[in-house]
Amino acid sequence: MSPRAGNAGPHTLAFVESPVQLLNVLEWAHAHAPGVGLTLVVLSPLDPMTRGQLRRMSDLARDEGHQVRWEEARGGPLAPFQTIGGLTGLLRRARRVVLGDPFSRYVQLLLTITRARDLVVVDDGTATMEFVGQLARGERLVRWHRKGGRPGPRDLIFAPVSSSARRRLTPSGSRRIEIFSSMPMAQTPAGVTVGANTFAWTRARFGPPRITKGADMVGTSLVETGVVDDGRYLEAVQALAKTHGATRYFAHRRESTDKLHRLAVETGLEIVRPELPLELIARRGPIGRTILSFPSTVVHTLPLALSGTEVRVAVCDIDPEWLTAHASPRAQGFLSGVTGTARDVHRLSPTAAANPAAPLHPDPPDPAGPTKSAGTASFTALPGPTGTPGAVAAG
């Protein structure tokens, strides 16, 4: 067992539902080592790509000496009851609970059971920024891309549980709340302890990467969440790839196969479905000298994970005309805030996507790297930590 993790056990209980959450639990444990007794519970989703990344992240957690408990939390109508019932004893004995998504109804239900005096919230992407603001303002917990809409029947039924979770995430004389984050915070809730996630574990464990010429692109699920029009998104990706000499497109785990196939055919980009969070993929390399992204978590995390390298992160703002009619009224302001608060990134105007301009750097694409002409679809899976390639999704 790794001495960095201490003795794995029930004293600290962590709940994760995504690979990024699991990565940030490992970062938190690394920052608080030695002596952290950590049992990590994976509340597995149904999405195959997310499950694959969670499996490989679980292997890394075991390598660090942590105990991993995999729960098929969504494996049928009775699965939630069986999962919660099986975790009740652990929850009641835990002295500290670490969670990655305070907006998750699953996690909110689990919070009603725990007696832990210490609660830690680690990053779940840009949603952490919204959570901190809502907690500081005493608002109900609602994901940013749903805010502004009318609550549905399920929201109304679940409202008492959500309110209870928000109260448990509010510090008191008998309860300590910590937020461990790499995200900027405009407001900090009174009494909450804030710890900085610098991705020290990632940098110590992987890299430095081999840096190639040209650029790589990072995908986003803004189309899948109904925020950005799919046609406008494809046009922006195509223009940015042409302008900056991008050859690879790292797909977000929630991007649809149909959209990715269309991107590959119409842009010629090699579509890569990474088997680990992008912070680890980039740190292991090879990675382009420039990483192009739209507003997302990676514009905050990649500069930290790649600190000390020559890689530059460039983020393209979202033009208001790209938003769908169903997008939340808060969408444009939130996305602008994600970009505007990012440090150590190059900011690109959305007009750069509509009207290609000079590239960030004059280097041509790496001759040794993959080059595709428009109309050639290519889907690739990067190997996990064991070096075994994962499934390749054919385009």
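Only this structure's heavy atoms are used, side chains among them; waters, hydrogens and symmetry mates stay out.
Counting heavy atoms from C-beta outward, L280 and R205 have side chains that stay 4.5 Å or more apart. Looking at V218 and L292, their side chains never come closer than 4.5 Å, going by heavy atoms from C-beta outward. Contact annotation: the side chain of I287 approaches that of D216 to within less than 4.5 Å [non-hydrogen atoms, C-beta and beyond]. The side-chain heavy atoms of H252 and L222, taken from C-beta on, include no pair separated by under 4.5 Å. Two residues are said to be in side-chain contact when any heavy atoms from C-beta on lie closer than 4.5 Å; E270 and T247 fail this criterion. With contacts defined as side-chain heavy-atom distances shorter than 4.5 Å, the pair E17/R74 qualifies. Side-chain atoms of V272 and F250, non-hydrogen and from C-beta on, do get closer than 4.5 Å to each other. Counting heavy atoms from C-beta outward, H11 and R96 have side chains that stay 4.5 Å or more apart.
Note on V20: it does not cluster hydrophobically with I291, by side-chain heavy-atom contacts below 4.5 Å among ILVMFWY residues. Linking Ile, Leu, Val, Met, Phe, Trp and Tyr whenever their side-chain heavy atoms come within less than 4.5 Å leaves M49 and W70 in two separate clusters. Both L119 and L43 are assigned to one and the same hydrophobic cluster, defined by single-linkage of ILVMFWY side chains at heavy-atom distances under 4.5 Å.
Separation of atoms CD (Q53) and CZ (R253) is listed at 7.0 Å; rounding is to 0.5 Å. Annotation: the span from R55 atom CZ to S44 atom OG amounts to 6.5 Å, rounded to 0.5 Å. To the nearest 0.5 Å, atom CG of residue L22 and atom CG of residue L40 are 4.5 Å apart. Going from atom OG1 of T39 over to atom CG of L90 covers 6.5 Å, rounded to the nearest 0.5 Å. One finds the CG atom of L276 at 10.5 Å from the CG atom of L54 (value rounded to the nearest 0.5 Å). Here the CZ atom belonging to R262 is positioned 5.0 Å from the CG atom belonging to L234, to the nearest 0.5 angstrom.
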Walk me through it: do W201 and L60 pass the test side-chain contact (heavy atoms from CB on, under 4.5 Å)?
CA-CA 11 Å; W201 177 81; L60 291 178; 4.2 Å; yes
Applying side-chain contact (heavy atoms from CB on, under 4.5 Å), run through V120 and T12 and close with a yes or a no.
CA-CA 10 Å; V120 181; T12 296; over 6 Å; no
I'd like to know whether T257 forms a side-chain hydrogen bond (donor to acceptor under 3.5 Å, both in side chains) with R273, so could you lay out the CA-CA distance, the side-chain angles of the two residues, the decisive distance to 0.1 Å, and finally the verdict.
CA-CA 10 Å; T257 300; R273 287 185 175 272; 3.1 Å; yes
Decide side-chain contact (heavy atoms from CB on, under 4.5 Å) for F131 and M183; before the verdict, give the C-alpha distance in whole Å, the side-chain angles of both, and the deciding distance to 0.1 Å.
CA-CA 11 Å; F131 163 70; M183 311 301 292; over 6 Å; no
Derivation of the side-chain contact (heavy atoms from CB on, under 4.5 Å) call for V25 and F180:
CA-CA 9 Å; V25 169; F180 182 74; over 6 Å; no
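Using a cutoff of 4.0 Å between basic side-chain nitrogens and carboxylate oxygens, E71 and R69 are scored as salt-bridged. Under 4.0 Å is where a charged nitrogen must lie from a carboxylate oxygen, and between R56 and E275 at least one such pair does. Using a 4.0 Å cut-off between charged nitrogen and carboxylate oxygen, R95 and D118 do not count as a salt-bridge pair. Remark: E72 engages R51 in a salt bridge, criterion side-chain N to carboxylate O under 4.0 Å.
Residues P171 and A190 approach most closely at CG-O, 3.2 Å, considering heavy atoms. Pairing each heavy atom of I271 with each of L260, the nearest pair is CG1-O, 3.8 Å. Of all heavy-atom pairs between P295 and C316, the closest is CD-O, 3.1 Å. In plain terms, the two heavy atoms of V227 and A327 that are nearest each other are O-CB, 3.7 Å.
Side chains of D123 and S181: a donor-acceptor N/O pair is present below 3.5 angstrom, by distance only. Remark: the N24 side chain and the N197 side chain contain an N/O donor-acceptor pair separated by less than 3.5 Å. A side-chain donor from one of Q134 and E130 sits under 3.5 Å from a side-chain acceptor of the other. Looking only at atom types and distance, the side chain of S104 has no donor-acceptor partner in the side chain of D101 under 3.5 Å away.
Checked against a 6.0 Å centroid threshold, the rings of F294 and Y233 count as neighbours.
No more than 12 heavy atoms of other residues, nucleotides or ligands lie within 6.0 Å of CZ in R254, so this atom counts as exposed by the packing criterion.
The only option from H30, E27, E279, R284 that meets the side-chain hydrogen bond (donor to acceptor under 3.5 Å, both in side chains) definition with T202 turns out to be E27.
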